[in-house]
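To keep things clear, I will list the structure first and then write my remarks on it.
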Amino acid sequence: MTWELRNGTALKVLLLAVIHLGFMPVTQGQATTDASSAVATWSTVDAKHVYGFPDTKANKKGKLVLSADSLVFTAKSSNTSIPRSSIVAVSNGSDRVEIWGMTGQIVRMVIPDGGGLAAAAVMHHRVGMLTVDFVDGRGGKHSAVFNMSPVQAEAGLATFQKVPVAIQRSAVPKNCAGVSANPGSVSVMAPNWEGSQVPAAYRALVYEHVISRLQGVKTVSHVYRDGEVPPDGSCPAYTIKIRVQAFKQGNQVYRAALGPVGMFVGTTQVTFDVNLTDATGHLDQREQVKASIRMQSESTEVADKFAKALAKHYVASLKREESTVRPVAAVGQNAFR
């Protein structure tokens with residue numbers, strides 16, 4: 001002890017080492033290399049499935065494992081996997097989520113002198129958002145989003161990057177002229193995000209929620225994904241093309257701090273141009289569809305809000321078309337609303 005106190009340099013080194021160890025990030029994610037296959041693997045036991053993974057409910061928590069041949073998500077009552085070779089892209093982003101729920105909202109309301117903003121910053125925490133793009137056996141495009149700590153998400157992305165993603169051939173567009181269409185079916189092309197700075201998680205969730213919402217429409221017999229090749233050689237009766245017009249990612253912490261005022265400030269907003277056509281080539285309806293998220297909702301929930309609005313527009317448009325005695329080609333440009 002006497003030597004340590006006299007030797008100031010040694011003491012400083014010791015203290016710095018202790019501080020460094022004390023503040024090292026702790027993570028349950030692990031990245032390793034499979035010696036037998038020379039393929040990088042990774043896992044985390046603290047992942048939350050946000051949306052998009054096959055046969056897996058939203059917001060389920062569980063273990064996500066990337067092995068030599070698959071990506072597997074295991075929850076308490078489910079176990080789902082996709083081939084590693086089907087993965088075409090992986091991205092990492094982040095968003096903020098509420099950690100104190102309604103209690104936090106009440107606390108912020110009673111804090112005077114603008115203290116709610118500081119409280120909101122503490123009551124929200126940033127999470128990693130790992131987005132995985134993949135294709136199914138018919139070539140249809142899919143995306144899945146998982147929440148985890150930012151450190152785990154970075155480790156997962158780094159592991160994916162060690163092995164090049166699979167090269168998938170783009171499906172050749174089919175000429176549906178003169179081909180019988182599958183009644184009630186609709187094909188949803190992957191949204192066109194050209195020229196926009198939209199995080200990968202938002203892109204994934206918009207497409208997946210649109211597919212899901214349309215699958216829930218009673219008059220829709222089947223929803224074809226972009227790139228999907230129907231086994232019977234038929235064509236979809238209708239096709240929806242989506243192009244982003246405007247995207248503004250709001251500030252959830254700011255919305256939370258402002259209470260009722262947050263309904264109008266710091267909101268997340270999206271505007272899309274939507275084009276609806278049919279298999280005959282005569283129908284060509286275009287309309288803008290908007291959506292925004294206010295109050296305490298997570299910003300990514302704007303994806304489902306847009307999808308819900310689009311599904312309603314789609315149903316209304318087809319009802320209007322069926323009820324008119326005019327030829328399809330005569331339907332006005334504003335019918336899709």
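One is the number of the first residue; the rest follow in order along the sequence.
Under the side chain to side chain contact (heavy atoms under 4.5 Å, CB included) rule, Y238 has a single partner from L283, T277, V220, which is L283. Considering Y202, Y207, F272 in turn, F272 is the only one that fulfils the ring pair (Phe, Tyr, Trp, His ring centres under 6.0 Å) rule with F306.
Considering only heavy atoms from C-beta on, N59 comes within 4.5 Å of K48 through its side chain. A 4.5 Å side-chain heavy-atom check between V274 and Y314 finds every atom pair outside the cut-off. Contact annotation: the side chain of D273 never approaches that of R286 to less than 4.5 Å [non-hydrogen atoms, C-beta and beyond]. Contact of the K60 side chain with the S78 side chain is not registered, since no non-hydrogen atoms from C-beta on lie closer than 4.5 Å. Side-chain atoms of I87 and V132, non-hydrogen and from C-beta on, do get closer than 4.5 Å to each other. Between L310 and R213 the shortest side-chain heavy-atom distance does not fall below 4.5 Å. With contacts defined as side-chain heavy-atom distances shorter than 4.5 Å, the pair D133/S143 qualifies. Contact annotation: the side chain of N275 approaches that of D284 to within less than 4.5 Å [non-hydrogen atoms, C-beta and beyond].
Distance check, rounded to the nearest 0.5 Å: CG of L71 to CH2 of W42 gives 7.5 Å. Interatomic distance, OG1 of T268 versus CD of E301, reported as 10.0 Å (0.5 Å rounding). For the atom pair H142 NE2 and D226 CG, the distance stands at 11.0 Å (nearest 0.5 Å). In this structure, the separation between NE2 on H209 and NZ on K305 is 13.5 Å, given to the nearest 0.5 Å. Rounded to the nearest 0.5 Å, atoms CD (Q285) and CG (L276) are 5.0 Å apart. Annotation: the span from R225 atom CZ to R138 atom CZ amounts to 12.0 Å, rounded to 0.5 Å.
Contact between A279 and A181 at its shortest, heavy atoms only, is CB-CB, 4.0 Å. Nearest heavy atom pair, residue W193 against residue S196, reads O-OG, 2.6 Å. Residue L64 comes nearest to A47 through the heavy atom pair CB-CB, 4.0 Å, listed as atom of the first residue, atom of the second, then distance. Summarising the geometry of A204 relative to T131, their closest heavy-atom pair is CB-CG2, 3.7 Å, with the distance given to 0.1 Å. Nearest approach of P54 to F134, heavy atoms of both residues: CD-CZ, 3.8 Å. The two residues Q197 and F247 come nearest to each other via the heavy atoms O-CD2, 4.0 Å.
In summary, the side chains of T56 and T80 do present a donor paired with an acceptor at a separation below 3.5 Å, with no hydrogens or angles considered. Between the side chains of Y51 and T300, no donor-acceptor pair is found at a separation under 3.5 Å. A donor-acceptor pair shorter than 3.5 Å cannot be found between the side chains of D46 and T44.
Note on V72: it does not cluster hydrophobically with I82, by side-chain heavy-atom contacts below 4.5 Å among ILVMFWY residues. Note on M189 and V289: separate hydrophobic clusters, where clusters join Ile, Leu, Val, Met, Phe, Trp and Tyr whose side-chain heavy atoms are under 4.5 Å apart, directly or indirectly. Linking ILVMFWY side-chain heavy atoms closer than 4.5 Å, directly or via other members, places V315 and I240 in a single hydrophobic cluster. Connection of V65 to M148 is not established within any shared hydrophobic cluster, with ILVMFWY side chains joined at heavy-atom distances below 4.5 Å, either directly or through further cluster members.
In this structure, F146 and F53 have perpendicular ring planes: the angle between them is above 60°, well past the 30° mark.
Ion pairing of K141 with E208 is absent here, as no side-chain N (NZ or NE/NH1/NH2) approaches a carboxylate O to less than 4.0 Å.
Remark: the backbone N or O of S185 is paired with a side-chain donor or acceptor of S221 at under 3.5 angstrom.
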